[in-house]
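Working notes for the structure below.
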2 protein chains.
Amino acid sequence: MVTMADVARLAGVNASTVSHVLNGTRTVSGPTREAVLDAVARTGYRQNTLARSLARSSTTTLGLASRFVSNPHFADLVTSIESTARRAGYSLVLADTHDDPAQELRAVHELADRRVDGLLLAPSVHAVDEALPFLARAGIPTVLLDRFADCVFDQVAPENTDATALLTAHLADAGHTSVAFVAGLAGLSSTSERTAGFHRVVRERGLDGVVLDGRSETPVAEAAVLSAFASPGHPTAVVVGNNSMTVGALRALRTLRLRIPDDVALVCYDDPEWADLVDPPLTAIHQDVPAMATRAVTMILERLAGTAPAAPRRERIRPTFRHRASCGCAGPVRHDRGELLTPVP
Amino acid sequence: MVTMADVARLAGVNASTVSHVLNGTRTVSGPTREAVLDAVARTGYRQNTLARSLARSSTTTLGLASRFVSNPHFADLVTSIESTARRAGYSLVLADTHDDPAQELRAVHELADRRVDGLLLAPSVHAVDEALPFLARAGIPTVLLDRFADCVFDQVAPENTDATALLTAHLADAGHTSVAFVAGLAGLSSTSERTAGFHRVVRERGLDGVVLDGRSETPVAEAAVLSAFASPGHPTAVVVGNNSMTVGALRALRTLRLRIPDDVALVCYDDPEWADLVDPPLTAIHQDVPAMATRAVTMILERLAGTAPAAPRRERIRPTFRHRASCGCAGPVRHDRGELLTPVP
DNA sequence: GTGAAAGCGCTAACAT
DNA sequence: ATGTTAGCGCTTTCAC
């Protein structure tokens, strides 16, 4: 590959001059800059980001450590993060945590070794044990995404408790007294919060509430729903804790030949793209993934720019309630794309 | 951040010794290696990938340039690529092409500037004009993914023509004589091939075939189907060219109150996760994204290792036919997860 | 306005 | 078995 020295030689100038014209870091005479630009064009010179980053000790790169697979929001998340980052001149590198503490630590290490200027992390269950302390020690500006954890970093996540409470209350309003909740991976703040929202309403309304462990995975949720709804006295309604598990729940109910909403009413946290296409369309909580992604990047950039408040921020992105038909209630129902009917309080 | 020199000082050895124990590149005496490892542990030293890559002129990094958003396979693709790459000691960096030639060139440039050792590219419509020649000139080992293009690189993509022909023939077999095809983004090889498969059967069977432009986007496909099926003499069946457009097609038919498969039979290339959950379940072509991803990475690694044949390879990943109910035919139908019934020839 | 030179943190001959 | 030294390709003081 052609180097800056090659370009300099061809242009008859010093390498530092080439550097300066390329970066606009000092005034260069017209002819000189012409010569340099010409040499660049003729050689097809391309900067070496590694050398540049090493010399400047800054990579203008952000890292994203998250679970990739079966994260239904992944494409949206990455797209929004990448575009926001790029607009600020940053590029993005990814590492998969698999939502497993060991893999997460590996991912975070790798990103640190790459000297990312900032890091976005969807913390795993035990991030507080290793990954987060490491990041704090290493002094890498970080923002937590999607889930909270006890640490010194900025955090942004959707509102979970009230939203899940609203779903549960909605079922109670429709007359259900026996309701199941399919919970996500145990230990995640999102899971605890959604479960708490469910429990709150169960308590307040004196419902018969049961929590099933869906571990955030489609087949696990399917199996859980299958066994919980197999016997005659099963609950009459179910709240599903996220996107992937909704697929499992729907499959289980179909297998059991339980009709929605007549035999079992179903509502879910997360609003899959196809929520309006199944029969009946799903009543769901829709989270604004792009908003969360954008906010997270903004927070990191503010930290890097030094314009962020000293104290760590914890922000919530408000989701919206999409009232469709799977809840089986008497209220106004829209079968279309799921327009926002009732904002979550 | 603590550097190798810091570690060396603390261990009372030379930096090169530290390098060698960390990389296992030469024999080091027991005590010395102990001392080094101890110093590493005490300082929390982490390698600087930038410096290392610069010195070795190799990054053990692969680049992936593709369209992120509205690529329904994106999460799967990235996950499979990342895990295969990681297993071989490579990490992955991404750049979004937006399926736009200009953005694609920018993406490819960025990855080149990062000195990725190899590049995976889902070529845009005009990749042959700029991006591919650049990569060839720069001598960056590349493999094309998902779509083919006229160039010197290895390529791997799903089989499109026969699969789409099979879908179309399946409708013809069920008695349909007027069939529409919702085509993806014009210019992509995948679009041309799927369209060709459709046309082939139209010709062979003497069907009345019409091609709608869905531009690979949900709303565009929706609008196209909406207008094509609004009037009384509309086709009685439709083949949808991919995942995202299927969502649009389903919405359009619902808006028009056309029942599937009674009023319009529908089959699609691509088998969304929820294909078995809608009513009726979708008859579809299922592509093996992980297989394609894994194969692409393997091809790159073979090139890097020099074990690949000199001539560029063009490989197809065979998709499978999933017979469900939206085709409305009399054949054996499975309402479950869509088990493979008929392999594509 | 431009050049010379030191250095970013590492690797890899080359010594010993 | 270990230390010395010269880069990798760039940025950035410091001179002139």
Side-chain angles (χ1 to χ4, degrees), chain A residues 1-37 39-40 43-61 89 109-110 112-117 138-140, chain B residues 1-40 43-61 89 109-110 112-117 138-139:
Chain A
M1 276 240 126
V2 26
T3 79
M4 206 168 237
D6 298 329
V7 173
R9 201 170 309 119
L10 191 70
V13 300
N14 187 280
S16 72
T17 300
V18 175
S19 172
H20 282 118
V21 333
L22 258 28
N23 295 309
T25 33
R26 83 177 174 195
T27 40
V28 174
S29 77
T32 309
R33 98 179 269 97
E34 294 294 287
V36 169
L37 261 20
V40 166
T43 54
Y45 168 75
R46 294 252 96 217
Q47 277 218 141
N48 184 324
T49 303
L50 301 166
R52 168 181 240 252
S53 296
L54 184 59
R56 304 180 62 157
S57 48
S58 150
T59 52
T60 52
T61 293
H109 277 165
E110 188 199 306
D113 293 354
R114 269 181 196 288
R115 299 299 190 264
V116 295
D117 290 341
I140 300 175
Chain B
M1 276 239 129
V2 25
T3 80
M4 206 169 234
D6 298 329
V7 173
R9 201 169 310 119
L10 191 69
V13 299
N14 187 280
S16 73
T17 301
V18 176
S19 171
H20 283 119
V21 332
L22 259 28
N23 295 309
T25 33
R26 81 178 175 195
T27 41
V28 175
S29 77
T32 309
R33 97 180 268 98
E34 294 294 287
V36 168
L37 261 19
D38 183 61
V40 166
T43 53
Y45 169 76
R46 294 253 98 216
Q47 277 218 138
N48 184 326
T49 304
L50 301 165
R52 167 181 241 254
S53 296
L54 184 59
R56 305 181 58 158
S57 48
S58 149
T59 52
T60 52
T61 294
H109 277 165
E110 189 199 306
D113 293 354
R114 279 197 135 70
R115 298 299 188 266
V116 294
D117 290 341

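Side chains are part of it too, since the values below use all heavy atoms of this structure and drop only hydrogens, waters and symmetry mates. Each chain gets a letter, A, B and so on, in the order the sequences are listed, and its residues count up from 1.
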Among residues at least two apart in sequence or on other chains, which ones pass side chain to side chain contact (heavy atoms under 4.5 Å, CB included) with [X]?
X	answer
Ala55(B)	none
Ala51(A)	Asn48(A), Leu54(B)
Arg26(A)	Ser16(A), Thr17(A), His20(A)
Ser58(A)	Thr60(A), Asp117(A)

Exercise. Taking 5' to 3' order, which nucleotide of DNA chain D is first and which is last to have an atom within less than 4.0 Å of a heavy atom in chain B?
Worked result: dA1(D) to dG9(D)
If you take all heavy atoms of [X] and [Y], which pair is closest and at what distance?
X	Y	value
Val7(A)	Val36(A)	CG1-O, 4.2 Å
Val116(A)	Thr59(A)	CA-OG1, 3.6 Å
Ala35(A)	Ala11(A)	O-CB, 3.7 Å
Val28(B)	Arg33(B)	CG1-N, 3.7 Å

Any side-chain heavy atom of [X] sitting closer than 4.5 Å to one from [Y]?
X	Y	answer
Asn23(B)	Gln47(B)	yes
Val18(B)	Leu22(B)	yes
Ser19(B)	Met4(B)	yes

Exercise. Does Arg9(A) have any salt bridge (Lys or Arg N to Asp or Glu O under 4.0 Å) partners at least two apart in sequence or in another chain, and if so, which?
Worked result: Asp6(A)
Problem set entry | side chain to side chain donor-acceptor pair (under 3.5 Å) partners of Ser29(B), counting only residues at least two apart | Thr32(B)
Problem set entry | Positional range of nucleotides in DNA chain C within the contact set of chain A, heavy-atom, under 4.0 Å | dG1(C) to dG9(C)
Seminar exercise, completed: In this structure, CZ of Arg46(B) is separated from CE of Met1(B) (nearest 0.5 Å) by 8.5 Å
Exercise. In Å, rounded to the nearest 0.5 Å, how long is the span from CG of Leu50(A) to CG of Leu50(B)?
Worked result: 6.0 Å
For this session: Rounded to 10°, tell me the angle between the two end axes of the helix from dG1(C)-dC16(D) to dT16(C)-dA1(D), each built from five pairs.
Result: 40°
For this session: Measure from the side-chain N and O atoms of Thr43(B) to the backbone N and O of Val40(B), and report whether any donor-acceptor pair falls under 3.5 Å.
Result: yes
For this session: Kindly indicate, with the supporting measurements, whether the criterion side-chain contact (heavy atoms from CB on, under 4.5 Å) is fulfilled by Arg114(A) and Thr61(B).
Result: CA-CA 11 Å; Arg114(A) 269 181 196 288; Thr61(B) 294; 2.9 Å; yes
Seminar exercise, completed: In numerical order, the residues of residues 43-61 of chain B whose heavy atoms come under 4.0 Å of DNA chain D are Leu54(B), Ala55(B)
Exercise. Taking DNA chain D as the partner, which of residues 5-17 of chain A come within under 4.0 angstrom of it by heavy atom?
Worked result: Ser16(A)
For this session: For DNA chain C, determine which residues of residues 24-35 of chain B have any heavy atom closer than 4.0 angstrom to one of its atoms, and list them numerically.
Result: Arg26(B)
